[in-house]
Engineer: 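Okay, handing you the structure first.
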Amino acid sequence: MKRLSVFLLLVLLIGAVPVLAHHSFAAHYDMQKSITIQGTLVNVRLTNPHSWFFVDVKESDGTMSRWAFEAGTPGGMIRNGYKASELPPGTAVTITGFPSRDKQKVGMLQRLTTADGKSYGMFGPQEAK
């Protein structure tokens with residue numbers, strides 16, 4: 001009986017790990033502030049649990065910095081029509097989103113717009129609004 005109890009406890013703990021690993025966007029990002037960043041896309045990483053957009057930004061003092069923006073799930077982006085070839089490295093983008101609470105150069109993507117006006121939201125392509 002003791003072995004069965006230990007086994008069931010382990011199964012419950014292992015099952016809880018994915019739940020603990022997921023986080024709330026509001027816990028990491030300041031949803032009361034909005035930021036707008038203009039720069040050049042370096043990379044789009046479609047990895048679970050969330051996609052990431054990396055952008056090089058020229059700061060006001062002339063230095064370059066790299067920003068990272070967290071977006072929706074890769075599956076959600078692909079289902080909505082996103083294709084990796086749409087946003088190659090070097091694409092000029094403007095991103096609006098929410099800054100990280102820890103003041104790093106990280107944010108939550110709300111909208112990404114290319115120089116030719118294509119718009120992408122947290123889960124991929126969007127119609128112009």
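In this chain, residues are counted from 1 in sequence order.
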Engineer: Picking from V55, I37, T96, L87, what satisfies side-chain contact (heavy atoms from CB on, under 4.5 Å) with L112?
Structural biologist: L87

Engineer: Calculate, to the nearest 0.5 Å, the distance between atoms CG and CE belonging to D30 and M108 respectively.
Structural biologist: 11.0 Å

Engineer: Which distance, rounded to the nearest 0.5 Å, do you find between the NZ of K105 and the CG of D102?
Structural biologist: 12.0 Å

Engineer: Please tell me whether F69 and F123 are part of a single hydrophobic cluster in this structure, the criterion being side-chain heavy atoms less than 4.5 Å apart.
Structural biologist: no

Engineer: Distance check, rounded to the nearest 0.5 Å: T114 atom OG1 versus Y120 atom OH?
Structural biologist: 6.0 Å

Engineer: Assigning hydrophobic clusters by single linkage (Ile, Leu, Val, Met, Phe, Trp, Tyr; side-chain heavy-atom cutoff under 4.5 Å), is F53 placed with V57?
Structural biologist: yes

Engineer: Could you measure the distance from the OH atom of Y29 to the CG atom of L109? Nearest 0.5 Å is fine.
Structural biologist: 10.0 Å

Engineer: Taking T73 for its side chain and P49 for its backbone only, find out whether a donor-acceptor pair lies under 3.5 Å.
Structural biologist: no

Engineer: For the CE atom of M77 and the CE atom of M122, what is their distance to the nearest 0.5 Å?
Structural biologist: 10.0 Å

Engineer: Evaluate the side-chain proximity of N48 to P74: yes if any heavy-atom separation is below 4.5 Å, no if none is.
Structural biologist: yes

Engineer: May I ask you to check whether over 12 heavy atoms, not counting those of Q32, lie within 6.0 Å of atom CD?
Structural biologist: no

Engineer: Mind checking whether I95 and L46 sit in one hydrophobic cluster, side chains of I, L, V, M, F, W, Y counted as touching below 4.5 Å?
Structural biologist: yes

Engineer: Distance from R101 atom CZ to M31 atom CE, nearest 0.5 Å?
Structural biologist: 8.5 Å

Engineer: Check the pair T113, R111 against side chain to side chain contact (heavy atoms under 4.5 Å, CB included), reporting the backbone distance first and the verdict last.
Structural biologist: CA-CA 7 Å; T113 306; R111 179 175 304 278; 3.8 Å; yes

Engineer: For the hydrophobic clusters of this structure (ILVMFWY residues joined by side-chain heavy atoms under 4.5 Å, transitively), does one cluster hold both V106 and F98?
Structural biologist: yes

